[in-house]
Amino acid sequence: MRNIKDRKEIVIGLLGLGVVGSGVAQAILERKDGLAGRVGCPLRLQRVLVRHPDKPRAVSLDTGLLTTSADEVLNNPEVDIVVELMGGEDPALPYARRALTSGKHLVTANKEVMAKHGPELVSLAQSKGVELRYEASVGGGIPLIGPFMGDLAANRISAVHGIINGTTNYILSRMAAEGLDFNIALKAAQELGYAEADPTNDVDGKDAAYKLAILATLAFNTRVRPEDVYREGIRRLTERDFRYAGELGYAIKLLAIAKEREGAVEVRVHPALVPQESLLAKVSGAYNAVQVEGDLVGQVIFYGLGAGSRPTTSAVVADVLAIARRLYQGIGPVPRPTQDTGRAIAPISRLSARYYLRMVVADRPGVLAQISRVLGDLSISIASVIQMEADEVSGTAELVLMTRPALEESLQQALREMQDLGAVTEIASFIRVEA
Ligand code: NAP
Ligand code: HSE
């Protein structure tokens, strides 16, 4: 560790100059004096790894800084802090390992790497006496990792409910408000820089599952892996579901939920009906919100822009500053003891929830009685049934049915049995309700 008096600058190596990397480079270059004031000495951008050096960039910087060789960042003895903003697992993971192994501090926004390999990287960083920070990996500019590690650490957390994917929330908001087609709304989200390089990660709930795994690991002091998270995406939602949900007093959101259930941890990402008057229902566009229940603090809500260049830059640069300040002051990284309490993951089959079902059935007497019998035999109580629309040509009617709390495995069994009823043409939607 160099002495405080030796520090004339803190040197940054950037991996990636895309949506977030450009914002970070721009902030480091344009806010030079302000950032130096916060650290005690200037930050210098030394090298920037890209794939295509000739590509037009959203930031104007000396093209001499660009390189296509990772070695020029990772093997560069001058670089103090590596900032990984490439995304994906390969080569981001090996680069992260190399950076830490060679004694460089690491800041990353990479939720896939942190969700899959976070504990391994945290241990590696600690063994090398360097710091690993990843605030931007969840919730863009919203402080979440810091609060879970610090401000909320005295609590026993019982539940986390979040809207943690900006792309899908943007898509759902536009579908709900304007009846917009899914693909048009997705294209707009991509143009605004919200979407992942592969937007299927957003749309199919993978991005939210990575983020939930990171948050749940911190919230419940237990290792939650992405594959532990039950996951459904938003592709099957239609304009009708938004309309009918609205008539029933609900919004539809892609929720990420982590809860304590009988000592185990329940982790799931799926579309859910939420009451229109709830705070989560009011989160629209690329905004994210995370609602946490702690035994001491009660309910707290974190809200802000969860995607996009500038909000994510805010979190990344804050992490860089936190490390740089300590480097300047000659203070080593604060060890962050991670505890794995080895809790079990609660299976989705044992979830108890209320459900919204939309189905197309034959428009004739006795059909509702058949459906009620299937549900009743499985101890599923109906809260309401509404016949929405009838199609005289095909002789079918559309039913929307809301249940009282029921076991997921019973509901799934009921869906299978109802599908076998000759009178049921289609079970078009099945959405859980979160009060
Ligand atoms: P992006 O726009 O696709 O940028 C990726 C950058 O990495 C590009 O500059 C690309 O180079 C470079 N790159 C990728 N693979 C490379 C390789 N093998 N070798 C060298 N360079 C490589 O991605 P982004 O949206 O900025 O996201 C970056 C990270 O931030 C991801 O982990 C993402 O999940 C996370 N994140 C993004 C947001 C957001 O709103 N976008 C928010 C929070 C977190 P070229 O430019 O030359 O192709
Ligand atoms: N694709 C992500 C989102 C970026 O839409 O939320 C932020 O992690």
Side-chain angles (χ1 to χ4, degrees), residues 13-26 47-59 61 63 66-74 83-96 107-116 134-142 144-145 162-173 185-186 188-212 214-215 233-234 254 256 269 283 285-290 304-316 319:
L14 203 54
L15 305 177
L17 193 65
V19 173
V20 184
S22 299
V24 169
Q26 190 172 6
R47 268 282 175 279
V48 183
L49 176 72
V50 293
R51 249 180 324 205
H52 310 105
D54 299 327
K55 198 163 116 177
R57 303 283 162 188
V59 53
L61 83 179
T63 50
L66 302 185
T67 177
T68 54
S69 161
D71 291 348
E72 289 192 27
V73 178
L74 300 171
V83 182
E84 186 277 301
L85 300 169
M86 297 190 303
E89 197 174 359
D90 189 31
L93 174 63
Y95 290 177
V107 172
T108 180
N110 194 321
K111 71 257 357 196
E112 180 171 358
V113 162
M114 288 311 297
K116 292 181 179 171
Y134 53 101
E135 183 60 65
S137 65
V138 186
I142 311 171
L144 286 166
I145 306 297
I163 293 175
I164 50 177
N165 182 268
T167 302
T168 46
N169 201 52
Y170 179 86
I171 293 172
L172 297 183
S173 303
L186 169 60
Q190 285 175 299
E191 282 165 5
L192 289 164
Y194 303 150
E196 294 301 302
D198 177 0
T200 58
N201 277 358
D202 296 298
V203 169
D204 294 333
K206 271 192 172 181
D207 177 83
Y210 291 144
K211 293 167 177 169
L212 185 65
I214 294 171
L215 290 185
I234 63 164
L254 182 70
V269 168
V283 176
Y287 279 85
N288 283 191
V290 175
L305 276 171
S309 182
R310 290 170 70 85
T312 313
T313 291
S314 164
V316 171
D319 275 351

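Hydrogens, waters and symmetry mates are skipped; everything else that's a heavy atom, side chains included, is used. Both ligands and their constituent atoms are indexed starting at 1 by order of listing.
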| field | Smallest separation among heavy atoms of Ile214 and Ser137, with atom names | value | CD1-OG, 3.8 Å

| query | Tell me, which residues have any heavy atom less than 4.0 Å from some atom of ligand 2? | reply | Lys111, Asn165, Gly166, Thr167, Tyr194, Ala195, Glu196, Asp202, Asp207, Lys211, Gly306, Ala307

| field | Counterpart residues, side chain to side chain donor-acceptor pair (under 3.5 Å), relative to Glu135 (two or more places apart) | value | none

| field | Option among Thr167, Asn165, Leu186 that satisfies the side-chain contact (heavy atoms from CB on, under 4.5 Å) test with Tyr194 | value | Thr167

| Rounded to the nearest 0.5 Å, what separation is found between the CG atom of Asp319 and the OG1 atom of Thr108? | 9.5 Å

| For the residue pair Gly141 and Ala315, what are the closest heavy atoms and their distance? | CA-CB, 4.4 Å

| remark: Residue pairs meeting side chain to side chain donor-acceptor pair (under 3.5 Å), one or both in residues 48-58, sequence neighbours left out, come to none

| query | Measuring from Arg310:CZ to Leu305:CG, what's the distance to the nearest 0.5 Å? | reply | 11.0 Å

| said: Within the supplied structure, the quantity of interest is the number of heavy atoms (other residues, nucleotides, ligands) at a distance under 6.0 Å from Lys116 NZ; does it exceed 12? | reply: yes

| task | Kindly compute the distance separating CG (Asn288) from NZ (Lys211), expressed to the nearest 0.5 Å. | result | 6.0 Å

| field | Every residue of the protein that comes under 4.0 Å of ligand 1, judged on heavy atoms | value | Gly16, Leu17, Gly18, Val19, Val20, Leu49, Val50, Arg51, His52, Lys55, Arg57, Leu85, Met86, Gly87, Pro91, Ala109, Asn110, Lys111, Ala136, Gly193, Glu196, Ala307, Gly308, Thr312

